[in-house]
Every structure is written in structure tokens, then in C-alpha cells.
Amino acid sequence: MKSKKILLVDDETEFVTTLSERLNLRGIHADIATDGEAALRIVETSPPDVMILDLKMPGLGGLEVLQRTRILSPDTRVILLTGHGSTKEGIEGMKLGAYDYLMKPINIDELIVKMQETVSKR
Amino acid sequence: MNEFLPENQTRFFGVITAETTHELNNVLAIIRESAGLIQDIIRLSGSHSFTRRNTVVDCLDAIERNIQRGTDLLGCLNQFAHSPEQDSVDLDPRNIIERMIRLCNRSCRRKGVDIQLSDIDPGLTLKTDPFLFQMLIYTAFRVCLDTLEGPGEIRIDFFNDRDSWSIRFYPGFQTDNQPFEKSAINDTLNWKALVSLSERLNCRAEFSAKTEGIHLHLPAFPQPLSVT
């Protein structure tokens with residue numbers, strides 16, 4: 001995981017910056033983007049190995065970011081973050097090519113296991 | 001159908017509750033990560049850096065536990081809020097009972113009542129109005145709570161009689177427990193509401209002298225059922 005590029009995408013700035021710091025303490029460097037457009041700019045210029053993507057964001061929503069990422073960088077594995085009522089969207093996301101989805105608030109150990117799974121199955 | 005029409009009040013209630021719980025989920029996510037970062041820093045700093053390290057760690061553990069508690073509650077509430085979206089779905093009645101137990105946990109605790117759902121999962125599927133079915137289960141709880149005179153236990157299980165299923169609510173066997181009194185139940189407005197809801201859902205509510213409890217007889221299923 002330490003050599004992999006991780007991108008965290010969520011409009012809740014406090015959430016992504018704190019999560020990024022926690023991952024950093026575990027030796028995992030993660031970039032952050034707080035909206036869909038910013039995420040796609042990063043995907044175009046420096047495609048991540050794994051993207052942790054919130055489903056519900058203002059502007060460009062998670063599913064649209066997922067679809068565009070699949071085109072721009074097919075090798076990027078996407079793990080969706082959903083709220084409890086959004087399991088349908090999580091499943092829809094997987095049909096659109098997401099690797100998996102996790103419910104918020106997430107457990108960081110579970111997230112790391114999921115990320116390790118995505119890179120080991122490539 | 002537009003959820004803001006006057007005749008769709010329940011859908012409107014669902015929309016608002018779903019929005020609110022989603023927002024609360026994000027709040028809890030931030031709290032979890034912030035608390036988690038503090039935990040990470042303390043654990044990495046070693047035991048000699050804080051004079052009250054153990055107290056801080058205990059506080060953080062309490063935060064984590066309550067985050068989980070809030071998350072569980074929000075999950076149930078969010079599922080409840082989405083339930084008016086469809087008039088008829090295939091649902092697992094046991095799953096609905098678990099959800100309603102969680103949602104009325106506070107009012108039960110205030111009365112010192114514990115609700116115990118049987119571990120046996122009959123694997124039933126019921127095609128019905130999910131919102132009204134939740135109302136039915138919740139109203140059954142209220143009837144039981146209304147008639148229990150003091151602290152006690154309500155037990156819930158599924159009972160099969162000649163391929164006909166019922167959900168049974170009856171007092172558990174604790175020393176101070178009082179049985180449900182039929183006359184007391186019949187007098188309550190909640191019982192009348194329970195009967196009315198049952199009829200609406202093609203169920204039947206009755207008081208059973210055998211279990212001294214309430215039985216909700218579920219509608220007949222088109223295919224045979226098997227206990228898993």
C-alpha cells in the first residue's frame with residue numbers, strides 16, 4: 001500500500017483531511033479532492049491506483065465521477081462511500097464498475113483492508 | 001407520485017428524515033475520524049507522555065462506542081425514512097422487528113422493559129406495505145408497554161401452525177413480571193389501532209390466553225414456507 005497512489009474524494013473537507021492524516025500515520029500517503037471536478041483533474045494528470053469516492057457530493061456526483069474515471073483511467077479501482085440509505089446506489093455503482101462500497105462513518109482498518117484487496121487483485 | 005402533495009404526508013416525512021439522517025451520518029464520520037486521529041497520536045506517543053493518558057483513552061473509547069450507537073440508530077432511522085417510497089415490497093418481518101426494537105429502545109428502557117427477539121429466524125418473506133408494517137410492529141410494542149405495569153420483558157417469536165405464521169408478543173418469565181391482562185389490552189386505544197392496522201394489512205391481531213400475549217397472524221403466503 002505504501003507505494004500506491006490513493007485519492008480521497010469527499011466534499012466534507014474535515015473528513016478527508018483527517019482521514020488522510022490517519023492514513024499517513026499508517027504509512028499510506030493519500031491525496032485529497034473536495035469535489036468531482038478536482039478529482040477528475042487529478043485522474044487526468046496523475047491517475048491514482050485507488051480512489052475512495054463519496055457518492056453524494058454537490059455538483060458532479062459520485063456516480064458521474066465514477067463513470068468518467070472508468071473512461072479516463074480504467075486501471076483506477078474505485079471504492080464508494082455511501083450513507084445507510086444509499087445501498088441501492090452502492091450496488092448501482094458496482095454495476096457501473098466500482099470495486100466495492102463502504103458505509104459511512106467508515107472504520108479505517110476496514111478501509112485499509114479493502115484498499116489492500118483492490119491492489120492485490122489487479 | 002410527488003411526495004409533497006397533501007395526500008403524501010408519509011412520503012414527505014420520509015424525504016425530510018432521509019435528508020437529515022444522511023447529514024447526521026457525515027457528522028458522525030467527522031467525529032469518528034477526529035477521535036480516531038487522537039487515538040492514533042496517543043498510541044504512537046507511548047505511555048509516558050500523558051499523565052492522564054488512560055482517562056483520555058477511556059474518553060475516546062466512549063466516543064467510539066457512542067459513534068457506533070449513533071450509527072446503528074441512524075441506519076435504522078434511515079431505513080425507516082425510506083420505507084414510504086413504495087407501497088408494496090418483499091420484506092423480512094424479522095428484519096423489521098429488529099429495526100423497530102432499535103427505534104423504540106429508548107421508550108422501553110425508560111420503563112425498564114427489555115424486548116427479546118427469538119434467535120430463530122424462520123426466513124419469511126412478506127409482500128406488504130413496509131411503512132404500515134413498521135407501524136403495526138411498533139403499535140404492538142406500545143400495546144405491550146401500555147399493559148405491563150412495571151419493569152419486565154417482552155418476548156417475540158415466530159410461530160407456525162399448519163403453514164400459517166404468526167408473530168407472538170408475550171411477557172417473559174421474570175420475577176416481577178406481570179402477564180398481559182386481556183381486559184386491560186382491549187381498553188387501550190393502541191389495541192384498537194393495532195386491530196385496525198392488522199386488518200389493513202390482511203393480518204389478524206388477537207389476544208391469546210395460552211401465551212397470555214398478543215398474536216399477529218400473518219396473511220397466507222402463496223408458496224409453502226420452510227424454516228431455515
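The basis for the numbers below is simple: all heavy atoms, side chains too, and nothing from hydrogens, waters or symmetry mates. Convention: sequence-line order gives letters A, B, ...; per-chain numbering from 1.
With rounding to the nearest 0.5 angstrom, the CG atom of B:Asn25 is 11.0 Å from the CG atom of A:Leu81. Note: B:Ile31 CD1 to A:Thr18 OG1 = 11.5 Å, rounded to the nearest 0.5 Å. Between A:Glu14 atom CD and B:Asn26 atom CG the span is 11.0 Å, to the nearest 0.5 Å. Interatomic distance, CG of A:Asn107 versus CZ of B:Arg32, reported as 5.5 Å (0.5 Å rounding).
Considering only heavy-atom pairs separated by less than 4.5 Å from chain B, the leading option among A:Asp10, A:Ile108, A:Ile106 is A:Ile106.
Inter-residue side-chain proximity for B:Leu28 and A:Lys104 is flagged as unmet; no heavy-atom pair is nearer than 4.5 Å. Counting only heavy atoms from C-beta outward, the side chains of B:Glu33 and A:Thr17 never approach each other to under 4.5 Å. When side chains are defined from C-beta on, B:Leu37 counts as touching A:Leu25, because their heavy atoms get closer than 4.5 Å.
Dense packing is recorded around CE of B:Met100, with more than 12 heavy atoms of other residues, nucleotides or ligands lying under 6.0 Å away. A 6.0 Å sphere centred on CD of A:Glu21 holds no more than 12 heavy atoms belonging to other residues, nucleotides or ligands. No more than 12 heavy atoms of other residues, nucleotides or ligands shown are found within 6.0 angstrom of CZ on B:Arg69.
The nearest pair of heavy atoms linking B:Ala29 to A:Pro105 is CA-CB, 3.4 Å.
Heavy-atom distances place the side chain of B:Ile67, and not its backbone, under 4.5 Å from chain A.
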